[in-house]
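Data first, discussion second: the structure below is written as structure tokens.
In this chain, residues are counted from 1 in sequence order.
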Amino acid sequence: MLPVYPEAKHNPLGDANICSRLLFCWLTPLLRVGYKRRLEEDDMYSVLPEDRSAHLGEELQGCWDQEVSRAEKDAREPSLTKAIIKCYWKPYLVLGIFTFLEEGTRIVHPVLLGKIISYLEYYDPSDSAAFREALAYAAGLSVCVLTWAFLHHLYFYHIQRVGMRLRVAVCHMIYRKALRLSNSATRETSTGQIVNLLSNDVNRFDQVTMFLHFLWVGPLQAVVVTALLWMEVGISCLAGMAVLILLLLLQSCIGKLFSLLWSKTAAYTDVRIRTMSEVITGIRTVKMYTWEKSIMDLIARLRRKEVSKILRSSYLRGLNLASFFALSKIMVFVTFITSEVLGNVITASQVFVVVTLFEALRLTGTLHFPMAVEKVSEAVVSIQRVKNFLLLEETSQHNPQLPSDGEAIVHMHDFTAFWDKASETPTLQGLSFTIRPGELLAVVGPVGAGKSSLLSAVLGELPPSQGEVTVRGRIAYVPQQPWLFPGTVRSNILFGKKYEKDRYEKVLKACALEEDLQPLEDGDLTVVRGRGTPLSAGQKARISLARALYQDADIYLLDDPLSAVDAGVSRHLFEQAHVTADRAHSVRVHCVSLYVVQSIVCFLDLQVYPRHLGQGLPPPPTSAEGASEGGLCLILRHETCHLLTQLLHGVVHRTVGSPQPLCKNNRCIRQALREKITILVTHQLQYLKDASQILILKDGKIMKKGTFAEFPKPGVDFEDIPLKEKEAEPPPVPDSPTPSQASESSVESQENPRPLLEDAAPQDQDAENIRVTLSLESRSEGKVGFKTYKNYFISGDNWFIIIFLILVNIAAQVSYVLQDWWLSSWANGQSSLYAIEYLKGKITFIPDPVWYLTAYSVLTAGTVLFGITRSLLMFYILVNSSQTFHNKMLESILRAPVLFFNRNPAGRILNRFSKDTGHMDDLLPQIIQDFMQTFLLVMGVVGVMVVVIPWTVIPLIPLGIIFFVLRRYFLETSRDVKRLECTTRSPVFSHLASSLQGRWTIRAFKAQQRFQELFDAHQDLHSEAWFLSLTTSRWFALCLDAICAVFVIGVAFGSLFLAETLNVGQVGLVLSLALTFTVMVPRCIRQSAEAETMMISVERVIEYTDLEKEAPWEYKYHPPPSWPHEGLIGFYNVRFRYSSDGPLVLKNFTAPISPNEKVGIVGRTGAGKSSLVSALFRLSEPEGRIWIDGIWTTTIGLHDLRKKMSVVPQEPVLFTGTMRKNLDPFHEHTDEELWNALEEVQLKEAVEGLPGKLNTELAESGSNLSAGQRQLVSFARAILRKNQILIIDKATSNVDPRTDEVIKKKVREKFAQCTVLTITNRLSTVIDSEFVMVLDSGRQREYSSPYKLLQNKNSLFYKMVQHLGEAEATALTETATQVHMERK
């Protein structure tokens, strides 16, 4: 599914000539557009072919695969570094030559400067040869300055592009690996770690590539500079160089510290982001259980640990930047002190050459080299982390779904397997069976028996430790928990297959989706967002089912999909199959024999039988001979029968050419079961009487196998199968919308911010373009406001510390400037900086050298001390600011209503907590400190120039104006590009999070390549923005350097022509400062622009600190501690909607619920059952009044309300941590209470079987427990809370009827004196309730005892019961009557 974005602009770089490439002229049209208006996604240039994610990823993947193979042969661990080097060494080596030439030209600058000053020092107007030689030196200096400007930016442009390619390639590999992770490997990683790898770890590749070459260029340049200094001042130069060598050695040692700190920081970040991911996914549970404060404290503690490591790293970076500021002064100081001690006399030209040579070393030796050490140290850790991830275990490369070359088959022989290799008890043990086309294998057994694990084994997800499984044919899989990816409804159903209208419409009809899609403005092109919103659980389940039906598969694996279909929807499906409840005949379906006794519908092939109530019917066939060839016999409840008939025959057929028409008179549907294998896992045991094969599992072993006829005559009482630990169970049953969603019948149609995108799967000849929508988040406009900067700084500490920081900055710069001035005074006793006044043949000696030496030493010490203090203080304030904003954002997120999480995918929110927070932790403080330091240096240089030579203000004023205008022009585009770069990151994370949730489905349908292409498309979109950010920055920097180069050229030649009017000190000052300008001024302006663009991350975080909030958690008024003491609930004209512009899902709802009543709440799909829970918990604010024990719910805080009600949610949420922590996160209960709660929900035996019992660590989202077990943990939580009100929201959907019955009994006993509201689609669950409330279209239609409602044949409840079939309807009526008589 490769998305094709709105026609991307052709990239002009591809056609640009050499001059345009060198000068970045091809960017001019974009810059013009950006200056006039806000840039949009459509304005970005398409990514170049050589920079596409797929190309780069496959290239590096090939090198990595070769390295893994070689490592296996050599019996060693593979090295990702070697694979990277092999892939990129050639272009990187060429760029190393650029670095060498660039730094070489910088060393020539001081030499040529010394020659010019030497000419002026011995100026002779009559010596024309010397003048021509001086002109040659000036020309050489001009060429060197221009060459350096071009080489410098050419190098950084290409080197950053290499870094981008490496990052993109590694991201491609990480996603590819994520789709292949085995189940055991997922326990060794987490969504948080993978997001961190994609957001922060891979960033190290961008940074390390820029500075890596300086590891060898720095020392080499130091050697060359030492040689030149020796030629100028002799042995005294070694003293200054010794300082640099000590620093380089110190940096090498500090590198190990960086590695250690980054390793620990990344580990803490992994845990923090993983926790945030779990919180975002389970936000409804978090809010209903009032866990916000606890989670806030937990994440704040993790954040403090993370920040403690970040601060240490930042202090080391601060020392590096302080060395950049002060080291050249220390080197000059040591050199001249040594020269003074040795009694050497230094000339003017020597002073300027020495100072300028040290300045040339300054950028490389004190900034780039330390940065290289830091980035390499961190990159080594990141490479190791990525390598460890890439080496995690993958699912078996053996493909069990080979294209059919004959008869499809599923054969399992003596199959034994373990989910957990450390466990002594196998998940499946000694399984053997064979299924051929036309057969249906029904897999039954108690929860925990291994039913879903059996499907996993067929899918290849559960590798065998013994035995084998043979699968021939393509598989269609319906998982227990439906998964949808962000896109349209149609794209989720087609899943890359070719769109065929007739077949597609039959699928919609079979899955009862037509009625849901009709009211939507966009129909099946309605956009599905993250977590399937705005669809209900039932809709998601049916779309997942439709996806499987649309596939042209040979084998169908159905993991209890019928549990998500209520009686009403089943009735609809039944009528679509032309088998209505009113008919006295059954419809003949080819190749299927289904028998009806009382409520059981019977289809016998080639025969039509009248339906009698239990007598006069021929017996069902007892063997294969009794049915038509290839037939099967299956006895089901009405809705199960109807749905399976549709599913297995109506729409499942091989597509060869166009679909075949329906049979004559639409009385039958083209048969396909003869060609299909079906494995059905189900808990609906009471309805299952006969099938081709029945497999009864217990504890992973086959308890019984065969057809129903082969079992003892009385049959098998499936309900007597002992209950053990539970295994993965089906998805939540209900078709009613979840509390956070609108009514299923009124799914809102989303207006897409981007046009619908075409999707292609070229690898499949049966595939065509489908429609997928990838929306980008909103972004700010204009410049970053002053308020953002103010909030950023004052959040780091109080005003006193900030004022102190300002004073330290001033003191550092003053001491820096005074040191220069004092050196000049020491040299010639005058106020000209760096000047030595030569009298005619005599040197003016400096009086009282001890005085000058002492003062110079004090100023140097002050420069170093203040420089270090301000760096450390700046990092302390800014990192603290990052922590403050993170905590504010966290609190804001947790206070936001559930609607916010439905509208924003998890990846978008995680982007703020990972990438943007990472920028605030790492890059932004460094950039701001560098800018402040460089800005003060430039101000000091300009101040000295103006004081010493006042007329220099004349060229400096227009120069400043040009810089200001250019910066403003650039920032108009740069800001928008940076915002686009931030927003285009979110789809990458959202797609990753979505794919991780649905990786089993993706693998089952063999859609890995399609989703990889979709990921690559997201990456390419981000690369478009990132590449523009890179090129526009280089354009700006080149313009600045070119202007500065022109300034240097003018000064160089002007000084020669005005030699008679200037003294040598003035010329030396202007020339040396002009050379400083070429480095410092462009760097200062670039860093100021970069700081503003990086402030976009702060802006985005601040945006999330001011979200719309729920009502306050607590008011001044608190209800009494014993409230609610009775459990009286009253709804009065309640109107409820999930958003202000959404439809009403509860309409003038009024209902009184008396204390201690047990009320069952039922209704058809979209009736508003779960919305009642949302209104009660105020997940969105209801209109009208809700009364609980004398208090209106709107008059108390949300926490006071929610913590007084217990809820067992439809979708249970567990967090990474121990079982004890998930049961009792606040440590409020004893172990005995926890064990008692587990025993009451039938989980004690299962937990005792875990390795650590209560201290067993649960995997992410509790994935090492089954869905049923997770629901029972929720029940245990409810029991522990001991509240007067209990709400059970379809919480038995993932458990079998026997466990459901046990839980009902426990609830009646444990909550006998409590008010219990039970929302369910299983009518048997509420038939013994005191009252049943029937909802329809958001209104209460009926509210009475089940017995009374069943006496009224016109009641909705009566009709719902009748939909179940006569046998079950009779049984439920008898139960209701019996309960009624007992209560009399």
Side-chain angles (χ1 to χ4, degrees), residues 4-53 149-150 153-154 156-158 160-161 163-165 168 206 753-755 776-784 962-985 987 1017-1043 1082 1085-1086 1088-1096:
V4 180
Y5 291 89
E7 191 62 31
K9 282 190 174 182
H10 170 69
N11 196 324
L13 178 59
D15 304 327
N17 57 43
I18 186 66
C19 290
S20 181
R21 286 171 179 263
L22 286 175
L23 302 175
F24 297 97
C25 298
W26 57 272
L27 275 173
T28 304
L30 179 78
L31 292 164
R32 284 203 201 101
V33 171
Y35 184 71
K36 293 177 181 177
R37 63 168 173 83
R38 188 177 96 151
L39 290 177
E40 303 295 341
E41 296 83 41
D42 297 350
D43 293 315
M44 297 191 299
Y45 299 138
S46 62
V47 67
L48 294 171
E50 61 267 27
D51 292 335
R52 292 194 179 278
S53 176
F150 283 105
H153 298 294
L154 201 60
F156 270 96
Y157 161 68
H158 285 289
Q160 285 181 276
R161 197 169 169 190
M164 178 197 77
R165 290 172 174 172
V168 168
D206 278 315
R754 288 169 68 90
L776 295 179
E777 59 191 298
S778 61
R779 51 194 172 92
S780 304
E781 295 185 43
K783 66 180 181 179
V784 179
I962 292 171
F963 286 153
F964 175 78
V965 171
L966 191 62
R967 179 181 180 275
R968 183 178 176 183
Y969 180 76
F970 162 73
L971 277 177
E972 292 297 328
T973 300
S974 177
R975 276 192 299 262
D976 282 343
V977 169
K978 184 63 180 179
R979 287 180 177 128
L980 282 170
E981 192 266 327
C982 289
T983 56
T984 53
R985 277 198 313 258
H1018 288 311
Q1019 280 226 104
D1020 288 342
L1021 180 66
H1022 176 250
S1023 292
E1024 289 176 13
W1026 193 93
F1027 186 68
L1028 285 181
S1029 179
L1030 162 65
T1031 50
T1032 51
S1033 296
R1034 286 298 118 199
W1035 173 89
F1036 181 55
L1038 183 62
C1039 289
L1040 294 175
D1041 280 345
I1043 293 169
I1085 298 173
R1086 281 204 317 272
S1088 72
E1090 184 67 15
E1092 179 158 350
T1093 54
M1094 289 300 294
M1095 284 295 291
I1096 301 294

Would you say the side chain of [Y] lies within less than 4.5 Å of the side chain of [X], judging by non-hydrogen atoms?
X       : Y       : result
Leu13   : Leu27   : no
Glu981  : Ile1096 : no
Leu1038 : Phe150  : yes
Arg165  : Glu50   : yes
Thr984  : Glu1024 : no
Val168  : Asp51   : no

Please check this pair: side chain of [X] against backbone of [Y], looking for a donor-acceptor N/O pair closer than 3.5 Å.
X       : Y       : result
Asn11   : Val47   : no
Ser20   : Asn17   : no
Thr1032 : Leu1028 : yes
Ser1088 : Ile1085 : yes
Ser1033 : Ser1029 : yes
Ser1023 : Gln1019 : yes

Test salt bridge (Lys or Arg N to Asp or Glu O under 4.0 Å) on Glu972 and Arg967 and set out the steps. CA-CA 9 Å; Glu972 292 297 328; Arg967 179 181 180 275; over 6 Å; no

Measure the spacing between [atom1] of [X] and [atom2] of [Y] and express it to the nearest 0.5 Å.
X       : Y      : atom1 : atom2 : value
Leu22   : Ile18  : CG    : CD1   : 4.5 Å
Leu980  : Met44  : CG    : CE    : 5.5 Å
His153  : Gln160 : NE2   : CD    : 11.0 Å
Arg161  : Asp206 : CZ    : CG    : 13.5 Å
His1022 : Cys982 : NE2   : SG    : 7.5 Å

Hey, is [X] close enough to [Y] for a salt bridge, meaning N to O under 4.0 Å?
X       : Y       : result
Asp1020 : Arg52   : yes
Glu40   : Arg38   : yes
Glu1090 : Arg1086 : no

What are the two closest non-hydrogen atoms of Leu39 and Asp976, and how far apart are they? N-OD2, 3.0 Å

Residue pair Asp1041 / Pro1082: nearest heavy atoms and the distance that separates them: OD1-CG, 2.9 Å

What orientation do Tyr35 and Tyr969 show, parallel under 30°, tilted 30 to 60°, or perpendicular over 60°? tilted

Please work out whether the ring planes of Tyr45 and Trp26 are parallel, tilted or perpendicular, with thresholds of 30° and 60°. tilted

Residue pairs, two or more places apart or on separate chains, that pass salt bridge (Lys or Arg N to Asp or Glu O under 4.0 Å) and touch residues 21-37: Arg37-Asp43

Sub-6.0 Å ring centroid separation between Tyr157 and Phe24: yes

